[in-house]
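In this text the structure is predicted, and so the values were computed from the model without any measurement.
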Amino acid sequence: MERRDLLPWSQRGEVSRLRGEMDQLFDRFFDWKPFGIMREKGMWAPALDLSETETEVSVKAELPGMDPKEIEISLNRDTLTLCGERKQEKEEKGENFHRIERSFGSFSRTVQLPAEVDAEKVDAVYKDGVLQIKLKKTEKSTSKKIEIKSA
C-alpha cells in the first residue's frame, strides 16, 4: 500500500498542487540574487549600520574605494539620504576577466532615523572605506528618566 492510497480521492489533487507550489518556491529561493538586478543596471547599495545612544544617532556606511568628494549626504527632518557614484577602473591591458563581483555605478540609500536630530550638529568622517555620520539628538528627543515616588 502506498501513501497516496491513504488519502481520500478528493484530496489527492490538493496535495499534488501543494507539492508543485513548494517545488516552485524552492526553485525561486535558490535562484534568488539580492541586488543582482541593481548590479546589472549599474546600481548598487552600500551596507548601513544604524545605532542610537541617549545623545546621538550614528550611521556607518561601507563605501570602499570611494572618494569622499563623490558622496552626498542630505538630511530632511528624520530622513538621512546618502548618494554617490563609484566609478569602475578601466585598465584592461590584456586581462581576461572570468568574474567581476565588485559593484560600480550610482547609489542612493535613504534611512529613517529613530529620533529627531539637530541638522546643525552633524559630523561626517570617512576613513578606511567607512563613512561614519554622527547626528546629535535634539533636546526634546533625548530621553529623560522619570523617578516614581511612593505615596
Side-chain angles (χ1 to χ4, degrees), residues 11 13-151:
Q11 291 182 354
E14 293 175 22
V15 172
S16 295
R17 186 178 52 82
L18 177 64
R19 180 179 178 168
E21 288 177 12
M22 292 300 291
D23 288 344
Q24 288 177 358
L25 176 69
F26 281 111
D27 288 343
R28 281 182 291 174
F29 176 79
F30 290 113
D31 287 340
W32 184 60
K33 296 172 185 153
F35 311 118
I37 295 168
M38 290 171 36
R39 256 192 216 122
E40 291 169 9
K41 293 183 179 179
M43 295 182 66
W44 62 284
L48 293 179
D49 292 340
L50 176 64
S51 61
E52 175 184 15
T53 65
E54 281 192 33
T55 59
E56 70 181 16
V57 174
S58 177
V59 178
K60 290 182 184 178
E62 290 183 354
L63 298 164
M66 288 204 60
D67 184 350
K69 295 174 188 163
E70 295 177 346
I71 303 168
E72 182 182 314
I73 305 168
S74 61
L75 179 64
N76 185 6
R77 295 186 187 167
D78 65 344
T79 305
L80 180 75
T81 302
L82 303 176
C83 297
E85 183 175 358
R86 184 162 53 192
K87 295 179 175 52
Q88 187 173 10
E89 302 153 5
K90 294 283 183 182
E91 286 190 37
E92 297 183 17
K93 299 176 185 173
E95 290 183 79
N96 292 322
F97 287 97
H98 296 281
R99 186 178 190 113
I100 296 176
E101 292 186 351
R102 294 181 297 151
S103 301
F104 299 98
S106 60
F107 70 89
S108 179
R109 284 294 309 263
T110 300
V111 63
Q112 186 170 2
L113 302 173
E116 204 173 305
V117 296
D118 187 347
E120 301 301 318
K121 296 182 180 175
V122 179
D123 186 34
V125 176
Y126 181 80
K127 182 181 177 186
D128 298 330
V130 177
L131 174 65
Q132 181 163 6
I133 306 166
K134 293 187 178 187
L135 307 112
K136 295 287 182 194
K137 289 183 179 181
T138 60
E139 286 295 320
K140 58 184 171 183
S141 70
T142 55
S143 61
K144 178 181 177 188
K145 186 174 179 178
I146 299 171
E147 187 176 325
I148 301 172
K149 298 175 188 171
S150 58

> Closest heavy-atom contact between Arg109 and Ala47?
Replying inline: NH1-CA, 4.3 Å

> Considering all heavy atoms of both residues, which atom of Ser58 and which atom of Lys134 are nearest to each other, and what is their separation?
Replying inline: OG-CG, 4.4 Å

Can you find a heavy atom in the side chain of [X] that is under 4.5 Å from one in the side chain of [Y]?
{"X": "Leu50", "Y": "Leu113", "answer": "yes"}
{"X": "Ser108", "Y": "Thr81", "answer": "yes"}
{"X": "Lys137", "Y": "Val57", "answer": "yes"}
{"X": "Thr110", "Y": "Thr79", "answer": "yes"}
{"X": "Leu82", "Y": "Leu48", "answer": "yes"}
{"X": "Ile73", "Y": "Leu131", "answer": "yes"}

> Can any side-chain N or O of Tyr126 pair as donor or acceptor with the backbone N or O of Met66 at less than 3.5 Å?
Replying inline: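 Pair found, side chain donor or acceptor close to backbone of Met66.
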
> Would you find a donor on one side and an acceptor on the other, under 3.5 Å apart, between the side chain of Arg86 and the backbone of Gly65?
Replying inline: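 Checking the backbone N and O of Gly65 against the side chain of Arg86, no donor-acceptor pair under 3.5 Å is found.
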
> Under the salt bridge (Lys or Arg N to Asp or Glu O under 4.0 Å) criterion, do Glu56 and Lys136 qualify, and how do the steps go?
Replying inline: CA-CA 4 Å; Glu56 70 181 16; Lys136 295 287 182 194; 3.4 Å; yes

How long is the gap from [atom1] on [X] to [atom2] on [Y], to the nearest 0.5 Å?
{"X": "Leu63", "Y": "Ile71", "atom1": "CG", "atom2": "CD1", "result": "4.5 Å"}
{"X": "Glu52", "Y": "Glu54", "atom1": "CD", "atom2": "CD", "result": "9.5 Å"}
{"X": "Leu75", "Y": "Asp118", "atom1": "CG", "atom2": "CG", "result": "9.5 Å"}

> Quick check: are there more than 12 heavy atoms from other residues, nucleotides or ligands sitting under 6.0 Å from CD of Gln132?
Replying inline: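 Correct, the count exceeds 12.
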
